[in-house]
**Q** 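One structure coming up, written as structure tokens, with questions to follow.
Treat the numbers as computed from the prediction; the structure is a model and nothing was measured. Lettering follows sequence order; numbering is per chain, from 1.
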Protein chains: 2
Amino acid sequence: MVQSAVPESSAERFDARRREILLSASRAYRERGFHATGMREIAQAAGMTAGNLYHYFAGKEALLAFCQEESARRLNELAAWVEEQPLRADARLHALIVGHVLVLNEGLPGSLAHLEVESLDGEGRRRVVTLRDRYEEALRGILRAGMDAGVLRRADLKLTALAILGAINWTVKWFRPGGKSSAREVGEHFAEQLVRGLLAPEVELMRPAGEVPIFGSAAHRENNATPTDSSRTR
Amino acid sequence: MVQSAVPESSAERFDARRREILLSASRAYRERGFHATGMREIAQAAGMTAGNLYHYFAGKEALLAFCQEESARRLNELAAWVEEQPLRADARLHALIVGHVLVLNEGLPGSLAHLEVESLDGEGRRRVVTLRDRYEEALRGILRAGMDAGVLRRADLKLTALAILGAINWTVKWFRPGGKSSAREVGEHFAEQLVRGLLAPEVELMRPAGEVPIFGSAAHRENNATPTDSSRTR
DNA sequence: TAGCTTCTTGAACCGTGGTTCAATCCGCCG
DNA sequence: CGGCGGATTGAACCACGGTTCAAGAAGCTA
């Protein structure tokens, strides 16, 4: 599965290790929540010592910031992808919902989204909030377009978006891989239910043609250079 | 507003003080989250010393348990009330959604619901989880009845319920009293959107007749005796 | 192999925050 | 007025957990 066979250069190993940590951390956060999870715990899950974590991250908060930034970034990639698909608004919305559920629950690393932004401060918080706002704006954009086109019922954009986001984000509280439904099934179900709730009368529901890809799971190398500035510790 | 004019007996003052604390605590939890809020902080908000808190509650966790139990109990009262209304399933669902939003965001005391159950242990946790499960079962019951009657589209009960619960519970993350919309408006909007998403084809949406009452805000005296056993500390 | 840099460790430091407790205050009852 | 019990305080206790650091191991380059 994991193509960690040939760790290339030193800088690349550093990044890879960072991602491993990220993975352990986000798993732990998911179980017990951010505040309840200790550094030693995360370290152990990543197969290292607590002190060593500080070689890769400036501190607890930086680690959280990194996690959140990661998934926020993926959501924005998803939104960009959805926007360039040649689909009607309702199908677009459908795809976005499925993709969002997948990012949160399938894309292993960083999967706790913008939950817990409250625990962030300063620069890190600003960055995450910006990304989150951009994504939510994209969602509202789809809704607006759908309403303008008469495909979706007219309603308050903010509230409509928040209902959708709530349903999806809440999944991280209960979804467990290996459970009764796969993340994709959950996504499809939610998309169906939520999109139907917005359809204008007389309009027949339209779904996207192919499968929505999973953003962040793999096939993600040449990102824009140095995503985080607070990377290297000293 | 608050009829705290004549504090009756000593035992009743004790209970009243407990509720005041509860109120401060739940407000604080809401702002910063459970783990991030200190006892001294809660105490100060309640106009007392940290040490004094322990006269009313056994500890931090007991306090949280009490909060959660309180709102879980209210949700169940709501569900019971909804069930005895002579309404069609979709209208019932509508009422339940509105009421749920109101309990979480308007019924001041204890308003953080079953979020953060993870932070509980032992007896307290068991009790909260039981109450939560009972409520969710009530919700699924309404959905099932609606599907059986052909009013609602047939779909997975668990997932359908979770989508609804997610949208609603998520409101505690963003709703602020005094904001653009009132809790009731949010509730109405959500009910509209969510119920529509489930309506069977050809069925015309039906709303409840009157206004859904707010459970827990006031008019709540003669509860069933001694709700919590872990009441009196020593 | 020497010598640099990067990783890694384990132990120690230290602030925060939950909790305890003895002492005091206050209201009520006889 | 005397005194009893609940209420309240403030300070101290103490463990947990984030963080630091000096020292050593492992890699890489020449």
**Q** Compare side-chain N and O positions of Y56(A) against OP1 and OP2 of dT8(C) and report whether any pair is under 4.0 Å apart.
**A** yes
**Q** For the pair made of CG in L64(A) and P in dG18(D), what is the distance, rounded to whole Å?
**A**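 In whole Å, dG18(D) P lies 12 Å from L64(A) CG.
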**Q** Taking the minimum atom-to-atom distance to the side chain of H55(A), which one of dT6(C), dG27(D), dA12(C) wins?
**A**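 Side chain of H55(A) sits closest to dT6(C).
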**Q** Taking 4.0 angstrom as the limit, do R27(A) and E31(A) come out as a salt bridge?
**A**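 Salt bridge absent between R27(A) and E31(A).
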**Q** Of all the nucleotides listed (dC7(C), dT20(C), dG18(D)), which has the minimum atom distance to the side chain of Y54(B)?
**A**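 Looking only at heavy atoms from C-beta outward on Y54(B), the closest nucleotide is dT20(C).
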**Q** Residues from residues 44-52 of chain B sitting under 4.0 Å of DNA chain C, heavy atoms only?
**A** G51(B)
**Q** Write down the atom of G47(A), the atom of R17(A), and the distance for their closest heavy-atom approach.
**A**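 Minimum heavy-atom separation between G47(A) and R17(A): O-NH2, 4.2 Å.
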**Q** Donor-acceptor pair, R132(B) side chain versus A72(B) backbone, under 3.5 Å?
**A** no
**Q** Can we say E69(B) and R127(B) salt-bridge, meaning some charged N sits less than 4.0 Å from an Asp/Glu carboxylate O?
**A** yes
**Q** Could you walk me through whether R134(B) and E137(B) satisfy the salt bridge (Lys or Arg N to Asp or Glu O under 4.0 Å) test, starting with their C-alpha distance in whole Å, then the side-chain angles of each, then the deciding distance to 0.1 Å, before giving a yes or no?
**A** CA-CA 5 Å; R134(B) 183 182 321 168; E137(B) 181 49 37; over 6 Å; no
**Q** I need the CE-P distance between M39(A) and dG17(D), as an integer number of Å.
**A**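 So the two atoms are 13 Å apart, to the nearest Å.
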**Q** Quick one: I42(A) CD1 to dT19(D) C1', roughly how many Å, whole number?
**A**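 Between C1' of dT19(D) and CD1 of I42(A): 14 Å.
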**Q** Atom CZ of F14(A) to atom P of dT8(C): distance rounded to whole Å?
**A** 10 Å
**Q** Using whole Å, what does the distance between atom C1' of nucleotide dT9(D) and atom CG of L53(B) come to?
**A**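 The answer, rounded to whole Å, is 12 Å.
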**Q** Distance check needed: dG17(C) C1' versus R32(B) CZ, whole Å only.
**A**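 These atoms are roughly 14 Å apart.
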**Q** Give the ring-plane orientation class for W174(B) versus F190(B), where under 30° counts as parallel, over 60° as perpendicular and anything between as tilted.
**A**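 W174(B) and F190(B): tilted rings.
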**Q** Does R17(A) make a side-chain N or O approach to OP1 or OP2 of dT8(C) shorter than 4.0 Å?
**A**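 Affirmative; the distance criterion is met.
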**Q** Whole-Å distance between dT8(D) P and R40(B) CZ?
**A** 18 Å
**Q** Please report, rounded to the nearest Å, how far the C1' atom of dT8(C) is from the CD1 atom of I21(A).
**A** 12 Å
**Q** The side chain of R13(A) lies closest to which of these nucleotides: dG27(D), dA7(D), dT19(D)?
**A**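 Nearest listed nucleotide: dG27(D).
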**Q** Salt bridge or not for R74(A) and E77(A), using N-O below 4.0 Å?
**A** no
